[in-house]
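First the structure, in the form of structure tokens, and then the observations on it.
Numbers here are sequence positions counted from 1.
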Amino acid sequence: SNVRSFLSVTGKVNKGIRETLRVDPKMFLAYNNGIVITADEVGLTKLPDGTPAVQFLRGMQIVNGWQTTASIHRARKADKADLSKVFVPVKIITLADKDHVGKMVENISRFANSQNTIQPADFSANEPFHIQVEKLANATWCPDQRGRWFYERARGSYQVAMSREGDTAARLKRLKEIIPPQRRFSKPELAKYMNAWDQKPHLVSLGSQKNFDAFMQSLRKDRAPEWSPDEAWYRDFIAKAILFREV
């Protein structure tokens, strides 16, 4: 009842599964989301030490986790991988209403496979550079001393800040006067403004995520590891952001 067949080991995710199985099998439980199984009946028992265990499954179907299952099978057969340290988290769902099994399996498969997309730039949120830019954004006021810019280091953090600190209509209004939506900027936007100013339109035109990746690679290459942006750098950047947006 899985909605996809095995997508081979050449894809990014399945390639990563295979690499973990071969190189770091003991971490598979921590890295993998596991599988979801439906069953008509689950038989339970206890091990000699009293630990509860599954004795049998009847009418078993893997509805989410086919890529994991097939990748493990292939690692054992083709790569001769040692699976003795590999553990997989499993969620088992018994289907009591036999008249609606098809629809239930379809929904379980759909919802288990649905998640908010993680963009490549999201993984850089906790790097020291971005943490420091966020601190500067929170501490540096505009020349009129009435407002500031907001750096959305983690995607969605602006809305979180609005909900957390603007807990009344008056406070929310005041907060939006200090950091209005038009003065919010994200990690991909930061990279776009910087690379545009540095005369790299060939990178900016690649799109936000590829340009961001190029910006971060350049930052790591051109800056010393101990370098950190200061207020002068931040004000200079905001000027570039304003110029970019106005032009």
Side-chain angles (χ1 to χ4, degrees), residues 1-127 130 153-157 160 187 209-210 212-213 216:
S1 297
N2 202 285
V3 297
R4 292 177 299 189
S5 294
F6 185 46
L7 302 177
S8 84
V9 293
T10 58
K12 182 179 180 180
V13 174
N14 287 356
K15 189 176 181 181
I17 292 175
R18 180 191 181 197
E19 192 67 13
T20 301
L21 290 168
R22 293 173 59 219
V23 178
D24 204 6
K26 66 180 182 297
M27 295 302 298
F28 196 83
L29 183 71
Y31 294 164
N32 192 268
N33 288 332
I35 64 177
V36 180
I37 290 173
T38 60
D40 296 334
E41 184 182 357
V42 179
L44 300 176
T45 185
K46 286 188 177 181
L47 300 178
D49 64 357
T51 304
V54 175
Q55 187 176 31
F56 66 85
L57 298 172
R58 287 200 178 99
M60 186 193 88
Q61 286 277 352
I62 297 175
V63 297
N64 178 246
W66 174 220
Q67 307 306 313
T68 294
T69 306
S71 294
I72 293 174
H73 180 268
R74 190 189 185 286
R76 180 80 174 96
K77 291 291 185 179
D79 299 331
K80 308 301 180 185
D82 177 13
L83 304 181
S84 61
K85 296 180 180 179
V86 175
F87 289 85
V88 184
V90 179
K91 179 165 64 176
I92 302 173
I93 302 168
T94 55
L95 303 176
D97 189 353
K98 300 298 186 294
D99 295 331
H100 298 90
V101 168
K103 185 63 177 177
M104 187 180 296
V105 168
E106 178 187 335
N107 283 338
I108 292 170
S109 185
R110 175 184 291 112
F111 300 147
N113 280 290
S114 300
Q115 59 181 336
N116 293 315
T117 303
I118 297 179
Q119 298 176 355
D122 293 335
F123 292 109
S124 299
N126 293 322
E127 291 200 17
H130 297 291
R153 176 174 64 87
R155 192 153 50 103
S157 59
V160 171
K187 295 189 299 295
Q209 296 302 318
K210 289 184 178 179
F212 176 81
D213 184 55
M216 291 303 300

Task: Closest non-hydrogen atom pair between Q55 and L44, with its separation - done: OE1-O, 4.1 Å

Open item on the list: Does F28 form a side chain to side chain contact (heavy atoms under 4.5 Å, CB included) with I17? I'd like the steps, not just the answer.
Closed with: CA-CA 8 Å; F28 196 83; I17 292 175; 3.7 Å; yes

Open item on the list: Nearest 0.5 angstrom please: E127 CD to R153 CZ, how far?
Closed with: 11.0 Å

- [ ] Flag yes if more than 12 heavy atoms outside F87 fall under 6.0 Å of its CZ atom; otherwise flag no.
- [x] no

Task: Closest approach of N32 to G34 (non-hydrogen atoms, all atoms of both residues) - done: OD1-N, 2.6 Å

Task: Minimum heavy-atom distance between L21 and I72, given as atom pair plus value - done: CD1-CA, 3.8 Å

Task: V88 to L29 - nearest heavy-atom pair and separation - done: C-CD1, 4.0 Å

TODO: Report the distance from atom NE2 of H130 to atom NZ of K187, rounding to the nearest 0.5 Å.
DONE: 6.5 Å

- [ ] Output the distance between atom OG1 (T68) and atom CD1 (I35), rounded to the nearest 0.5 Å.
- [x] 7.5 Å

Open item on the list: On a heavy-atom basis, which atom in P120 and which in Q209 lie closest, and how many Å separate them?
Closed with: CD-OE1, 3.3 Å

Task: CD on E41 to OG1 on T94, rounded to 0.5 Å - done: 10.0 Å

Open item on the list: So, taking the atom named CD in Q61 and the one named CD1 in I93, what distance separates them when rounded to the nearest 0.5 Å?
Closed with: 12.5 Å

- [ ] Heavy atoms only: give me the nearest T20-M27 pair and the separation to one decimal.
- [x] CG2-C, 4.5 Å

TODO: Would you confirm whether D82, through its side chain, and S84, through its main-chain N or O, come within 3.5 Å as a donor-acceptor pair?
DONE: yes

TODO: Measure the spacing between CG of N64 and CG of N33 and express it to the nearest 0.5 Å.
DONE: 8.0 Å

